[in-house]
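Throughout, residue positions are numbered sequentially from 1 according to the sequence presented. Atoms within a ligand are numbered from 1 in the order they appear, just like the ligands themselves.
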Amino acid sequence: MIGPGEVWLVGAGPGDPDLLTRKAEKLIRAASVVFYDALVGPGVLALVPPGARMVSVGKRSGRHSKDQRTIDALLVEAALAGERVVRLKGGDPSIFGRSMEELVACRSAGIAVHICPGITAASAAAASLGTSLTLRGLARRVTFVTAHTRSGQALDLDWQALADPQASLAIYMGKQAAGDIAGGLLAAGLAGSTPVAMVEDASLPTERLFRTRLDLLAIAARTALGDGPALLLVGEVAGSGHPQGRSPGSAVVRHRTAA
Ligand code: SAH
């Protein structure tokens, strides 16, 4: 399924290896070299066959171990050397994954490159919260947005467009900017009582869920979240239990105990 000199961009899902697609697992097992990000779970990496080379190109915000061009060049070099290349990316490769740069680099070098989709953090977070990202009549739209900016640049989002009470907002890389996000949405007219859920390490044994409200988000994100990646979900679907229910304030919903 993966020939010599081919590259596959493979979605590793949110962390739990059971949330890999069967195809992703087959590709990982067939690879001769695996380039992986910092957010790829240890349980997924354990599937890499013993003979395959593993290369960490780990990117966590602010701590880039290899820049994008270097990663592009490494993929091309490995493919041209006849390796069966798997590029493992957290979640789905097509969502905030810098996939296009890698696709273009491979195609420009005449390398066959393919994509295997994965479960994105927003889907995993919604599942952990026991909610739905859409809700008939109440949440007709889901927006995936990143709060990551190039270092030093201010967050520049279209708050007016995002502050829609009939939409769900899934915010990636939003932990550091939680205060700015809340400020922007409130200033654009979204109610302070709008439910917000935060899911850290979704699908992993260390998973933690929190619920709060938009006007308390800045404090909640600062005090509640740890070092893991976190997805922020804003909108009615983030409310506790009843879709129209409002959270009374910040609350730890559940700390996952080891399965
Ligand atoms: N391609 C990935 C997103 C990469 S951006 C995907 O589709 O999920 C990295 C951001 O994704 C993190 O900062 C965090 O906001 C989110 N994320 C990734 N894995 C996560 C997890 N297990 N739990 C919560 N958020 C996660």
Side-chain angles (χ1 to χ4, degrees), residues 8-21 24 35-45 56-66 68 71 86-103 115-131 133 142-151 155 157 168-182 196-212 217 220-221 224-234 238 252-256 259:
W8 276 82
L9 308 187
V10 178
D16 178 353
D18 283 349
L19 292 178
L20 276 177
T21 61
F35 295 93
Y36 63 97
D37 282 343
L39 286 184
V40 174
V44 173
L45 294 178
S56 164
V57 291
K59 289 198 281 181
R60 288 288 313 261
S61 48
R63 281 174 274 158
H64 287 199
S65 71
K66 295 212 190 313
Q68 188 59 48
I71 298 171
V86 162
R87 169 73 172 104
L88 266 182
K89 291 174 175 289
D92 183 86
S94 76
I95 296 176
F96 307 129
R98 306 288 299 263
S99 284
M100 198 46 89
E101 287 97 321
E102 297 173 17
L103 291 167
I115 302 167
C116 175
I119 292 179
T120 191
S123 299
S128 297
L129 289 161
T131 189
L133 288 174
V142 186
T143 304
F144 291 177
V145 64
T146 175
H148 179 72
T149 56
R150 290 183 194 194
S151 51
L155 197 56
L157 294 173
S168 305
L169 200 55
I171 306 172
Y172 290 71
M173 294 175 270
K175 204 158 57 176
Q176 310 298 337
D180 293 340
I181 293 165
V196 180
M198 306 185 285
V199 184
E200 185 169 30
D201 282 345
S203 87
L204 289 165
T206 47
E207 171 181 284
R208 295 194 298 166
L209 312 178
F210 304 92
R211 286 186 209 275
T212 183
L217 172 60
L225 295 175
D227 277 343
L231 193 286
L232 310 183
L233 186 60
V234 180
V252 175
V253 179
R254 173 161 62 89
H255 284 203
R256 180 183 276 224

>> Do S203 and D16 pair up side chain to side chain, a donor and an acceptor below 3.5 Å, judged on atom types alone?
In response: no
> Who are the residue neighbours of ligand 1 when the rule is a heavy atom under 4.0 Å from any of its atoms?
Replying inline: P14, L39, G90, G91, D92, I95, F96, T120, A121, Y172, M173, V199, D201, A202, P229, A230, L231
> Among all residues two or more places apart in sequence or in another chain, which pass the side chain to side chain contact (heavy atoms under 4.5 Å, CB included) test with A178?
Replying inline: L217, A221, L232
> Residues two or more places apart in sequence or in another chain: which of them pass side chain to side chain donor-acceptor pair (under 3.5 Å) with T146?
Replying inline: none
> Do L19 and P14 come close enough that some side-chain heavy atom pair is under 4.5 Å?
Replying inline: yes
>> The criterion is side chain to side chain donor-acceptor pair (under 3.5 Å); which residues satisfy it with S168, sequence neighbours excluded?
In response: none
> For the side-chain contact (heavy atoms from CB on, under 4.5 Å) test, which of L39, L45, L9, D37 pairs with L88?
Replying inline: L45
